[in-house]
Amino acid sequence: MPTPLYLAAAVAVSTAITWGLRALPFAVLTPLRRSAVLRYLAFHMPVGIMLILALYTLRDFRPTAWPAALPTVVALAAAVGLHLKTRNAVISVLGATAVHVLLSTFWAAG
Amino acid sequence: MSGTRARSGGRDFTAAVADTASVGLSLFPLGISFGVLVVHAGLSWWWATVFTAVIYAGSLEFLLLGLVASVTPLGQIAVTALLVNMRHIFYALSFPLRQVRPLGRVYATFALTDEAYALTAGGRARSWSSARILWMQVLCQGYWVGGATAGALAGSLVPVTLHGLDFALTALFVVLTIDAWRAQRDLPAPLLAAVSFALAALLVPGQLLPGAMGLFTAALLIRYALHRRATAGSQQDALDGPPQHPVPAPASPSTATAAGPATAAASASASASASER
């Protein structure tokens, strides 16, 4: 269990880095504009980083452990399907999460 | 005098309420789910308020919940924060900070989230007053902090454990992957990311997240170097990436060379945050 001191330190570290990334570029705009490699990364990184984060959240998922894997598989399909259809992040996230909660409560547990 | 100021202040606030209405509709419910997750992670409800009010970076806060629950070393948290929020570097290129009064700039940079950037993008905010920009940011943060606090309180009052609620984070990143894909449709990038993740899972399972992100960054830099070499002969500078750049970067001089210590500066995402669009 994390201690309050550790939690406060984690919050402080995250805040300092996030704020720094948001504020410092205003002071050093010109080098940023000129950096071709930075712009290359800015263009090509987002989709990969988001995919890595998505995979990371599934790191304990075992696709072979049937039927325990079913809620995740169905909810993933729901997230992709809803978002391709509606393009609305709220509907996709809340819809897929509702599917997962319902299935893991009534299918996996029952 | 003061009456005039109050009236114009009221106008700025009203305008900001209208500016943020659509964003609020997504920030508030996602804040609620974050708050519920905070309580489910075993933390006191008020940590939801602290996380959202102090860090104020949605996708990082969701990730951080899992990291602190397993007492991840602070260094790894720092690397994660850096990589996940690197994209904010590019928001400075177009955010109308100069229109904000000097003292307000402290808050304006602190609260420069994906949503704040999106709401001011495309020159829409060119005529906005300092107060209207700041109110817009205060309201965005208000929806997020309010939602998270409400969710955490509800979660701690109703002692029902909902199984599978943490899937909200997975769904969020799946949605953000699709959005980022739509912005660029660059197939090698997600493929390299998937391979990087698989390699990291095999080689450094204990450092999965920084390992995968580091490998992915290295792979992109190699790809960039190869791309540069391939186009080195031509006069056309092909380094600026495809023309439909998602970040409104100004045209760079055609002589642009890979400048400086930019290696670590890996933009994490064009569209991450607890809420999106």
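Sequence lines set the chain letters: A, B, ... in the order given, protein chains first and strands last, and positions in each chain run from 1. Quick caveat: nothing in here was measured; it's all calculated off a predicted structure.
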Can you measure from [atom1] ([X]) to [atom2] ([Y]) and round to the nearest 0.5 angstrom?
X	Y	atom1	atom2	result
Leu43(B)	Leu7(A)	CG	CG	5.5 Å
His44(A)	Thr217(B)	NE2	OG1	13.5 Å
Thr15(A)	Ile55(B)	OG1	CD1	5.0 Å
Ser14(A)	Leu63(B)	OG	CG	10.0 Å
Arg182(B)	Leu84(A)	CZ	CG	5.5 Å
Tyr40(A)	Leu221(B)	OH	CG	9.0 Å

Subject >> chain A contact via Arg223(B) - which portion, at a heavy-atom distance below 4.5 Å >> reply: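 For Arg223(B), backbone and side chain are both near chain A.
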**OP:** Check whether Leu112(B) gets within reach of chain A through its side chain, its backbone, both or neither, counting any heavy atom under 4.5 Å.
**Re:**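 Contact with chain A is through both the backbone and side chain of Leu112(B).
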Subject >> Contacts of Thr177(B) that satisfy side-chain hydrogen bond (donor to acceptor under 3.5 Å, both in side chains) - sequence neighbours left out >> reply: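 None.
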**OP:** List in chain and number order the residues that pass side-chain hydrogen bond (donor to acceptor under 3.5 Å, both in side chains) with Thr64(A), two or more places apart in sequence or in another chain; answer none if no residue qualifies.
**Re:**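 Result, side-chain hydrogen bond (donor to acceptor under 3.5 Å, both in side chains) vs Thr64(A): none returned.
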Would you name the heavy atoms of [X] and [Y] that are closest together and state the gap between them?
X	Y	value
Tyr224(B)	Ala36(A)	OH-CB, 3.6 Å
Ala57(B)	Thr18(A)	CB-CG2, 3.8 Å
Ala171(B)	Ala96(A)	CB-CB, 4.1 Å
Leu51(A)	Pro190(B)	CD2-O, 3.4 Å

What part of [X] gets closer than 4.5 Å to chain B, counting heavy atoms only: side chain, backbone, both or neither?
X	value
Val13(A)	side chain
Leu94(A)	side chain
Leu55(A)	both
Thr3(A)	neither
Leu102(A)	neither

**OP:** Check the angle between the aromatic planes of Phe167(B) and His100(A) and answer parallel, tilted or perpendicular using the 30° and 60° thresholds.
**Re:**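 Parallel, since the angle between the ring planes stays under 30°.
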Taking the side chain as every heavy atom from C-beta outward, state whether [X] and [Y] have any pair of such atoms under 4.5 Å apart.
X	Y	result
Thr72(B)	Tyr6(A)	yes
Asp186(B)	Val47(A)	no
Phe216(B)	Ile49(A)	yes
Ile178(B)	Arg87(A)	no
Arg22(A)	Thr113(B)	yes

Original post:
Top residue by heavy-atom pair count (under 4.5 Å) with chain A, among Leu97(B), Leu208(B), Val174(B)?
Top reply: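 Ranked by contacts with chain A, first place is Leu97(B).
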Subject >> When Val50(B), Val54(B), Leu67(B) are compared by non-hydrogen pairs under 4.5 Å with chain A, the top option >> reply: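 The option with the most such pairs is Val54(B).
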Original post:
Taking every heavy-atom pair that is under 4.5 Å apart, which of Leu82(A), Ile91(A), Thr97(A), Val80(A) has the most such pairs with chain B?
Top reply: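 It is Thr97(A).
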Original post:
Out of Pro4(A), Pro2(A), Ala78(A), Ala79(A), which one racks up the most heavy-atom pairs below 4.5 Å with chain B?
Top reply: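 Result: the option with the highest number of such pairs is Pro2(A).
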**OP:** List for me each residue that meets ring pair (Phe, Tyr, Trp, His ring centres under 6.0 Å) alongside Phe110(B), sequence neighbours excluded, and say none if there are none.
**Re:**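 With neighbours one apart ignored, the set is Trp19(A).
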Original post:
Which residues, numbered in order, of residues 193-201 of chain B come under 4.5 angstrom of chain A by heavy-atom distance?
Top reply: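 The list, in residue order, reads Ala193(B), Ala194(B), Phe197(B).
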**OP:** List the steps, then state whether side chain to side chain contact (heavy atoms under 4.5 Å, CB included) holds for Leu53(A) with Met213(B).
**Re:** CA-CA 9 Å; Leu53(A) 291 172; Met213(B) 286 180 169; 3.5 Å; yes
**OP:** Could you give me the CA-CA distance, side-chain angles and deciding distance for Leu76(A) and Thr170(B), then say whether side chain to side chain contact (heavy atoms under 4.5 Å, CB included) is met?
**Re:** CA-CA 8 Å; Leu76(A) 272 177; Thr170(B) 305; 4.1 Å; yes
